[in-house]
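Inspection log for the structure reproduced underneath, given as structure tokens.
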Amino acid sequence: MADFLWKELSEEEREQIRADAKKLILEFGDRIEQLPDREESFVEREGDRREEISERFCSSSESRPSTRNSSQNSPCKVDKKFREIMFENAPKKKGDFILGERGRWVE
Amino acid sequence: MNTLQKLKQIQEGKLTAEENIKRFLEKINKENKKINAVLSLNPNVIEDAKKIDTKKKKGRLAGLGIIVKSNICVQGLETNCASRTLENWKAPYDATVIEKIKEEDGVIIGMANMDEFACGGSGETSAFGVCQNPAAPGLIPGGSSSGPAASVAAGFCDLALGSDTGGSNRNPASHCGVVGVKPSYGLVSRYGLIDLSMSLDQIGPLCKDVDGAALLLDVIKGRDERDPTSFESKAIELKDEKKIIVGVLKIRGVDPKIQNLIDEKIKQVCNRFGQKTKEIKLKHIDLAIQTYYPIVYTEFFSGTRKFDGKRFGEKIEKSCGPEVLRRILGGGEISRAEYEGRYYKKALEIKEIIKKEFEKAFKEVDCIIIPTVPRLPHEIGSSISAKEMYSYDVLTTPANLAGICAVSVPAGKINGFASGDFAKNSSSRPPAQDSSQNRSNSLTKSQDIPVGLQILCPAFEESKMFSIAKRIKGI
């Protein structure tokens with residue numbers, strides 16, 4: 001038993017949470033596994049397919065689709081604020097690049 | 001004044017958007033320190049309101065103030081999911097729902113508190129302090145959309161946006177005495193929602209009245225090419241439903257006081273409107289929690305791999321609180337190769353069975369009415385096991401598993417005990433807390449605690465759901 005208030009966790013608390021989480025989720029999983037398996041069958045469905053409208057995106061790498069319905073045929077807008085905020089959020093950057101790499105940061 | 005009346009006043013020029021927003025800001029400045037429902041304000045909110053006042057033809061949300069749960073991207077605002085992982089992270093774009101709100105001249109007031117990464121059902125797990133319940137001081141406001149519900153209850157906004165994965169809009173709506181909606185899966189685009197569980201999440205409105213919630217949902221819904229799981233749907237229209245058959249479902253473990261209140265409400269509605277009831281049974285509904293959590297744990301583990309602290313934010317495992325860590329570690333466990341995905345696969349199979357059970361039931365009844373929560377909200381900071389916490393979801397998770405629509409409306413109040421020391425429980429963006437600061441010493445006084453009634457309708461029948469909800473709320 002514990003309260004649910006946010007707190008910083010010690011290593012012991014993390015290990016306890018790991019053990020509790022595993023126990024809980026396996027208990028839930030074992031309970032539902034008791035139900036018999038469903039027979040899988042391939043079903044051809046009429047009327048469940050949705051017509052996909054093809055999107056024409058701008059080829060420029062700076063652009064992104066801003067239209068929600070491409071049938072309106074409005075041109076793609078370039079969102080300068082998007083780029084600005086992405087760079088503001090990044091912990092490491094160099095010129096036009098955000099540095100995000102596996103492993104340790106290389107200076 | 002209800003939402004539609006206020007909207008009419010703004011559209012007719014009897015009230016300006018600027019006046020409307022300024023009143024909310026005044027209230028927030030005065031009371032949010034105690035309640036902690038709002039984490040940050042839109043710095044341009046007055047400017048945005050003034051722009052709307054200059055328009056001759058205003059949109060459908062003209063000048064209404066909206067508070068947004070902090071897991072829905074609003075460009076330039078801190079969309080931190082109430083977590084240190086994304087502290088100071090500003091959304092680089094608007095979620096589709098936010099674009100639609102802005103197109104219809106809704107005003108974004110600010111970002112609401114919530115359970116961290118939507119992991120919770122109490123409003124206690126935020127890294128930036130507990131959200132209080134304005135309708136029942138000292139008790140949890142519910143979650144994970146604690147801030148949106150509390151903001152509406154406290155009068156900080158006209159409308160709020162939350163997300164509902166297993167009851168996250170409906171649960172706090174019940175505890176705070178407001179209306180909270182979980183739309184049908186696919187009705188509303190999830191583009192720009194920081195996901196908890198992609199096959200269950202839906203963005204939905206909260207409001208003091210049914211008309212306001214219906215209006216906001218009608219604005220934000222619709223097919224979005226950027227969310228391939230979204231569908232087009234007909235306009236939401238409230239009308240006088242002809243005689244309907246109400247399905248009554250008995251689920252074990254509900255507090256008898258709550259069940260009696262709901263049963264009484266159903267009787268009143270049926271007597272007033274000549275409606276019939278029919279008892280229904282749904283196979284495997286008792287396994288809703290055991291089906292829900294393996295799906296959520298697995299999908300949340302998958303969805304959080306991007307929070308590695310490289311391109312933005314902090315590494316989530318190093319910066320999150322206990323409940324988020326529990327879900328990540330549990331999800332990581334059952335995602336391991338040795339389990340071959342069998343729990344997730346099994347949970348999805350049962351999800352499908354539950355969906356078909358509801359489809360069968362809706363051939364015999366027009367709606368199903370049950371309580372929203374199985375017991376009254378507990379005192380903030382109470383010692384409670386994860387299983388007990390998860391059991392709050394027993395009545396709300398079935399609708400998410402089935403993909404149908406559901407709404408919680410206030411049904412009445414039940415007298416219960418709560419801490420008298422409201423001020424002691426309040427906090428606003430504190431550092432890591434000593435949990436004893438938020439726990440009062442004893443249950444000192446009784447108070448009337450709101451209880452919600454939940455209406456479930458078939459998928460994409462939101463009009464019917466709202467019509468029935470309005471009828472019930474009016475009694």
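A note on names: the letters A, B, ... follow the listed sequences, proteins ahead of strands, and every chain is numbered from 1.
The part of B:S319 that comes within reach of chain A is its backbone (N, CA, C, O), which places non-hydrogen atoms under 4.5 angstrom from that chain. No part of B:A82 comes within reach of chain A, as not one of its non-hydrogen atoms sits under 4.5 angstrom from that chain. In this structure, chain A has a heavy atom under 4.5 Å from the side chain of B:E333, while its backbone stays farther away. Interface remark: A:L24 contributes side-chain atoms only to the contact with chain B (heavy atom separation under 4.5 Å). For B:L325, the parts lying under 4.5 angstrom from a heavy atom of chain A are both the backbone and the side chain. Interface residue A:E33: backbone and side-chain heavy atoms are both found under 4.5 Å from chain B. For B:H378, no part sits under 4.5 Å from any heavy atom of chain A, backbone or side chain. In this structure, the portion of B:Y390 lying under 4.5 Å from any heavy atom of chain A is its side chain and not its backbone. Using a 4.5 Å cut-off between heavy atoms, A:I32 contacts chain B through both its backbone and its side chain. For A:E13, no part lies near chain B; criterion is any non-hydrogen pair under 4.5 Å.
Side-chain atoms of B:T96 and B:D224 include a donor-acceptor pair closer than 3.5 Å.
Ring pair B:F301/B:Y297: centre-to-centre distance not below 6.0 Å.
Remark: the backbone N or O of A:L35 is paired with a side-chain donor or acceptor of B:K346 at under 3.5 angstrom. Listed for the B:Y292 side chain is a donor-acceptor partner under 3.5 Å among the backbone atoms of B:G166.
In this structure, B:R226 forms a cation-pi arrangement with B:Y191, its terminal cationic atom sitting closer than 6.0 Å to the ring centre and no more than 45° off the ring axis.
Partners of B:E359 according to the salt bridge (charged side-chain N to carboxylate O under 4.0 Å, His left out) rule, which considers only residues two or more places apart in sequence or in another chain, do not exist here. Judged as a salt bridge (charged side-chain N to carboxylate O under 4.0 Å, His left out), and not counting sequence neighbours, A:E84 has no contacts.
Comparing A:I25, A:D20, A:L9 by heavy-atom pairs within less than 4.5 Å of chain B, the highest count is held by A:I25.
Partner B:E317 forms a salt bridge (charged side-chain N to carboxylate O under 4.0 Å, His left out) with one of B:R305, B:R327, B:R326, B:R84 and no other, that one being B:R305.
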